[in-house]
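Here is the structure we will look at.
When reading the values below, keep in mind they use all heavy atoms of this one structure, side chains included, and skip hydrogens, waters and symmetry mates. Nothing here was measured: the structure is a model prediction, and the numbers come from that model. Here is the naming used below: chain letters follow the sequence lines, and residue numbers restart at 1 for every chain.
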Amino acid sequence: MDFEELSLAVQKGKAKQVKELVNQGIEEGISIEKILNEGLISAMGIVGDNFKNNKIYVPEMLVAARAMSAGLAILEPLLTATGVKPIGKIVIGTVKGDLHDIGKNLVAMMMKGMGATIYDLGIDVPDIAFVEKAEEVGADIVCISALLTTTMPAIGDVIREFEKAGVRDKYRIMVGGAPVNQAFADSVGADAYTANASDAAENAKAFLLSKSNK
Amino acid sequence: MDFEELSLAVQKGKAKQVKELVNQGIEEGISIEKILNEGLISAMGIVGDNFKNNKIYVPEMLVAARAMSAGLAILEPLLTATGVKPIGKIVIGTVKGDLHDIGKNLVAMMMKGMGATIYDLGIDVPDIAFVEKAEEVGADIVCISALLTTTMPAIGDVIREFEKAGVRDKYRIMVGGAPVNQAFADSVGADAYTANASDAAENAKAFLLSKSNK
Amino acid sequence: MSRQFTKLAYTSVDDFTYGSCPNPVTTKNGLVIGGGLIYPEVNFTLPPMNIRQETMPEVLRIYKDIIDGVLKKAHELHAPGLVVEFETLPDMTEHPEWGIEIHKLLRDTMFEYEAKYGLKSAMRMTPNDLREMSRPPVMRSGQYWEAMVKTFEGTARDGADILAIESTGGKEVNDEAIVNADLRTSIFALGCLASRDMKWLWTNISDIAKAHNAISGGDSACGFANTSMVLAEQGFIPKVYATVMRTITTPRALIAIENGAVGPGKDCAYENVYLKAITGTPIALEGKSAACAHFSPIGNIAASVADLWSNESVQQVKLLSGFAPVVSTEQLIYDCRLMNTAANKGQAKLMRDFLVESDCYLDPQAYILRPEIAFEIGNEIVKTQDPFIRTLNTAKLTLEILQRAVKNKELVLEERELNWLDILESQIEEIPEDEEAFIAEMKKEVDTSKYNPAEYGI
Amino acid sequence: MSRQFTKLAYTSVDDFTYGSCPNPVTTKNGLVIGGGLIYPEVNFTLPPMNIRQETMPEVLRIYKDIIDGVLKKAHELHAPGLVVEFETLPDMTEHPEWGIEIHKLLRDTMFEYEAKYGLKSAMRMTPNDLREMSRPPVMRSGQYWEAMVKTFEGTARDGADILAIESTGGKEVNDEAIVNADLRTSIFALGCLASRDMKWLWTNISDIAKAHNAISGGDSACGFANTSMVLAEQGFIPKVYATVMRTITTPRALIAIENGAVGPGKDCAYENVYLKAITGTPIALEGKSAACAHFSPIGNIAASVADLWSNESVQQVKLLSGFAPVVSTEQLIYDCRLMNTAANKGQAKLMRDFLVESDCYLDPQAYILRPEIAFEIGNEIVKTQDPFIRTLNTAKLTLEILQRAVKNKELVLEERELNWLDILESQIEEIPEDEEAFIAEMKKEVDTSKYNPAEYGI
Ligand SMILES: [Zn+2]
Ligand SMILES: [Zn+2]
Ligand SMILES: [Zn+2]
C-alpha cells in the first residue's frame, strides 16, 4: 500500500479515491491502525500545517476532512472490532440561546482530523445536554462555545451543571468563542481556553496523548 | 447676623471677611450650629451646585473651601465644647504605590464642604494605615482611591485588611479613581463606587444623614 | 407598489461622495441625512451579562449610562447631529416589552438633550431577525416573527426615527456555504431564497414605518458578507470569496428599496456603496472607527461615499479614558468633522479620492468598493429586474473585475487567492440562467432539514 | 555642549506639515522619522493586575500576546513602518530587571517580524520618572534615580531605538497649582524648577543614548499639560488655563533638545508643535486615535504636523473585534495611510489645513495649535535664551492670542472662560522679570515640605 498516495488523496479531497485506497489496504491485510494513522490522520496533520502556514484555506481543509471521513467510515467498524480506541472522545456544542456554529464547526473538524471521535450537539444546546452526552459516551473532553456576550455566561451555567451532577472532574472542559477570554475561562473554572480552532485542536491533542500515556 | 453676607463671603473666597463675620456672629450669641449650617455649609452647597451647573470651576470651589475652613477653624473648638457632632468622619487616601492625589483631594474638599470631618492620609498609603486611622478616629466612611490600573488591586487589599481586623462592617467603604468601575467595586466588596467627586460627596452625605436618622 | 431601478441615480462618478446624495432623508426633527454633511452613528451594547426579568433594572441602568455618556460627549464636541443605533440582543426581541422599554429610555434621553442643548439626533431601531431561531427557520409566521413585529411597532410608536434589520433569509443555507467558499450555493441562498424573503419582509417593515410616521431604513447582509469578511480577515476563507459575497448581496438589498425602504442603509451593509449609486438613497457605513467591532481591510475607503459614519458596535467596557461607547463617539465625531471640513471647502471629491486610494490597491475587498467599480457593478445590476440573474451576473462581473485588476497590476493577490479566483469561476460557470432549473438543481443538493423551500414560496 | 535656538527651523508655514521635517531622525534599521511619511506609534499597557516577582511570567505572557497581535496586524495591513512605545509602570522601573526583561521580549519580537516579513519597526523606551516617589522628590541621586539609569542603560543595550521620559521636575509644586488654576505658581514650577531639572536630566539621558548608539528622543510634560487638559475636559478647571499650560511647557521641553535630544518628541507632548517649529526635529502626537487613553478637544489638529501618530496607551482588554492594542494599531495605520496618500499626491498642506480647520475654532486648546500660532509662539520663545523669561513671556503671549481670537470672533468662549482670561492675566502681571527676585518671592509662598529647592540648585 502506498501511504503517500492515500495521504495525497486525502489532502486533495478526493473522497472516491480515498475509499478505493482504504479498501485496497484492507484487502492487502495492512494494519487498520496503520492505515488510519499513517494515511488519514497524518494527511490531516499536513493539511492543518498547510492551513497554519497560510498555504490553504478552511474550505480545502473541509474538503480534505470529508475525504478523510469517507475513509474513516470504512475503518471505524473494523477498529471497533479489533478494540482499537480513538485518541479520545469529545463532546462539543454552542450554548443555549446562541445560534452561531461556524467557529464550533471548525474546532470540531480540526479535532476530528486529529483522530478524535466527535459528538457534535449543534447550537442552542441546553445546559444539561452537555452533561448527558458526556456521560452517555464517556467523553474525555467537553468543548463549550459562545459567540455572543449575552450567551457567554451560559458557559458557566453548563460547568455548574457538571458540578451539580458531581461529575465535573471526569472531564476536561474547554471553552471558546469570540467574547471569551482567559480571565473569563478562569472565572468559570474551565480547564482550558484557546483563542482559535488550531490551538484548540493542539491543546486537546496534547491532553489526550498525555492522558493515554498514564 | 446676616447669613446671606456670610454665605456670599464664603462663595467668593473672602477668608478674612468670613473670619470677621463668624466672630461677629459668635459675639452676638448666634447659635454655633446655625452659623455652621446656614452660613458655611449652606454656602458650600451653593458652590457645589454652581460647579455642577457649569457656572464655576474647581479653583473657585477651592477658594471657597479655604474661606469656609477659615471660619470652621474658629467654630470647631466651640462645637466640640457644646457637644455638637460633625455630620460624620471620613478617612480618605490613595493606595500604596500610587502618587496621584488630584481626584482624591477634590473628593476630600467636597466632603469637607458638606460638613464632614476629613482625615486625609495622603498618597501611597499602606493598607493597614486605613484601618488604623478609621479605628483611631471612629470613622463613618473610608474612601479609597487608585489612579493606576496596577495599583487598583490594592483597593481590594485594603478592604481585606478591614476584614482581617474583624472591623469591615463598622465602616462604609467607598472606592473611586480613573480605572475603577462598579464591577470592580462589587468584586472587592466595596459599599459604594462613584464616577466623580460630586457624586461621591452626595453619596456620602445621603449615607451620613440616613445613619444619623437611625 | 414596487419601485424599479433601470439606471443609476448618478450621471457622474465625480458627484458620488460622502455626506450627500440625490435623495436625502429628513427625520421628523429636521436632521437631513445625505444633505451635505456626514454625521456620526453610534452603536453600542451590553457588557457580558445575562438578560432576564430580574436583570432588566441593571440593563436599563447600563443603557442610561451609555446614552448619557454618548450624548454628553456629542454635545461637548459640538456635533452638528448624531444618529444612535439601538440593535437589540435576541432576548430583547424575544421579549418585545424589554426592547421597547430600552428604546424609549434611549430615545427620551435623546429628546432631552435636543430640548436642553439643541443636539439634533435620530434613533435607528434595529431588532434582530429571530426567525432563524426555528430550525429550519419559519419566515412568515410564528412567535418569532410576531415578536419582531411588536418590537418594530412599539418602538416606532415611541419615536424611533429609522427602522432597520440584519435579516437572515437564506442564511441557514449560506452558513455552510461560507466555510466551504461555495459560491454556487451562496448564489442560491442570496439570489433565490433571500431575495424572496426581502420582498415580503420589507413590504411589512415599510407598512409599519408608514403607520407610525417612521422612516423605512434598510437592511444588511451582515450574516453573509460581514461574516465572510471577518472569516477572511482571520485567514479562514479566501478574500476573493469574501469580495464576491460583498457584491452579490446587493441585488438582495436592492429589493428592500424597491419595496419601501428609503435609507439610510445600515452600517455593516458595505453593499450600500452599490445601493447608493443605483438608488441615490443615503447610506451608513463603518470602517476604521469600527475596528472596535471587527477588523477590516477597508478602513478608509468605506467612508468615501458614506452619509453616516458608524462604529458598528462596542460594549460598555472601561478604557483608560472612559467608557468605550464614548470613545467611539469622540472618534466618529472627529472623523466626520474632518470630512465635513473638506466638504465645506468644496473638496469632498478630493477627500473621497484620498480615502479611496489609501486602501483600494491593497485588498480585493477594498478594490471592489472604488466609485468607478461601484458604477460598473451598479450598471450591470440595473440591466435586469430579475434578482437571481442580477446575483449571478454580479458574481461573474466581480470575478472578471478582479482578474482584470490583477492583470493590470492594480491588485496583487497571493497565489492561493489567485487559485481561488479560478475555483470560484468554475463553481458558477455551469449555473443555468433559468432560475427554475437552478432551483430544481439546488433542491436536490441542499439538505432540506436546514431550510424549508415553502417558507420562500419555492 | 548645549545647542541654542535663536530662530525657527522653518521659513515658511506652508512647509510645516505632518510626516516631514528639516531634521529627520533615522533608526539603526533605517526607519526615517520625519522623512516624508507619517508612521503609527502604538503604546499599550497591562490590564488591572498586581506586578510582583510571582506575577512576572503572566506579565511577560501578556506583553508577548500584545506585541504579537500588534505586529501581525501591522504586517497584514501593509504598514510601511511602525514605532512601538514601551512605557514602564512604576514597579517595572523600581525593579529595572523587570522592565529590561519586558523590553527585550518586545524588541526581540519586533526584530523577528522585521526578519520574517520586512516590517521595519522601532522601539521607544520610556521609563517613568520615579523621582517623585520620594516626598519631597530627590532629583539627582538615590535609589529611584539609579533604578531609572539602570532601566535606560539596560534597554538601550538591548536595542531600544529611542529613549524618552515624562519627567516630573517641578510637578510636586505644580500639582496643587493645577487644581487652583494658579498660573503664577505654574510659571515657577516650569520656568524655574523643571527647567533646571531638564538640563541635568537630558544631559544624562543623552550620554546614555550616545554610549549605546540609541537615539536621545524627547520628554513630555504629561503631568503638567495633559493633566490640565484632562481636568479641563472633565469641567474641573478652565480651558484657558489648560491652554496656557500647554504653551508654557515648551521652554522646559526645549531644554532637552538643547542638551542632546534629537526627537522624535513624545506623543503626549502637544508642546511638540512649537518644538518642531523651533528645532525642525520630528515629533509624535496623539489625538482622536488616543481617545482610548484620554478625551481631548484637539483630535484632528494634533495630527496636522505630527511625524508619528499615537494612541497614547490602551490596556490589553477584549473588545468585540479583538484586543484593544490591535484595535488601536488598525486605527492608527488607517489614519497614517490616509495622510500619507494625501502627501504622496502632493497635498500634505491641504490635508494639514483640513485637520487644523476642523478643530481650531471650537476650543482654545485647539486654536493655540494652529501652525501660524505655533510660529508666533516659537518666534517669541527664541527671542531669549532664558527659560524663565521664555516661560513668562509665552504665558503672556498666549493670553494675548486668546484675547485677540475672542475679539476677532475666531473663538467663542463661555463667560466663565472669559472671566478666567482676566483672572490669569492678573495672576501674572506682577511677576518680576528678574528670576532671582521671583524665586525669592516663591520660596516664601510655596510650602517647602512639598519640594526641596536644593534639588534644583536654588
Ligand atoms: Zn452587522
Ligand atoms: Zn451594525
Ligand atoms: Zn503621557
Which bit of C:Val230 is near chain D, if near means a heavy-atom gap under 4.5 Å: side chain, backbone, both or neither?
neither
Okay, C:Leu332 and chain D: the region with an atom under 4.5 Å from a heavy atom over there is neither
Contact winner vs chain C - D:Thr45, D:Leu319, D:Val314, D:Asn300, heavy-atom pairs under 4.5 Å:
D:Asn300
Main-chain N/O of D:Thr341 paired with C:Ser358 side-chain donor or acceptor, under 3.5 Å:
no
A side-chain contact here means heavy atoms from C-beta on lying under 4.5 Å apart; do C:Val327 and D:Phe295 qualify?
yes
Pick one of side chain, backbone, both or neither for C:Asn340, based on which atoms fall under 4.5 Å of a heavy atom in chain D.
neither
Close side-chain approach of C:Phe354 to D:Gln347, heavy-atom, < 4.5 Å:
yes
Side chain, backbone, both or neither of D:Ser313 within contact of chain C (heavy atoms, under 4.5 Å):
both
Looking at C:Tyr334 and D:Ile298, would you say the former's side chain and the latter's main chain have a donor-acceptor pair under 3.5 Å?
yes
Minimum side-chain heavy-atom gap D:Gln315-C:Lys318 below 4.5 Å:
no
Using a strict cut-off of less than 4.0 Å between a Lys/Arg side-chain nitrogen and an Asp/Glu carboxylate oxygen, indicate whether D:Glu357 and C:Arg337 qualify as a salt bridge.
no
Identify which part of C:Asp363 has an atom lying under 4.5 Å from any heavy atom of chain D, answering side chain, backbone, both or neither.
neither
Quick one: what part of D:Glu312 sits under 4.5 Å from any heavy atom of chain C, side chain, backbone, both or neither?
neither
Region of C:Leu350 that comes under 4.5 Å of a non-hydrogen atom in chain D:
side chain
Intermediate values then yes/no, side chain to side chain contact (heavy atoms under 4.5 Å, CB included), D:Cys292 and C:Leu320
CA-CA 6 Å; D:Cys292 50; C:Leu320 292 172; over 6 Å; no
Most heavy-atom pairs under 4.5 angstrom with chain C, which of D:Gly287, D:Ala324, D:Pro297?
D:Pro297
Best-contacting candidate, D:Met339, D:Lys73, D:Glu330, D:His294, against chain C by heavy atom pairs under 4.5 angstrom:
D:Glu330
Against chain C, work out which of D:Leu77, D:Asn344, D:Asp335, D:Asp353 has the most heavy-atom pairs shorter than 4.5 Å and name it.
D:Asp335
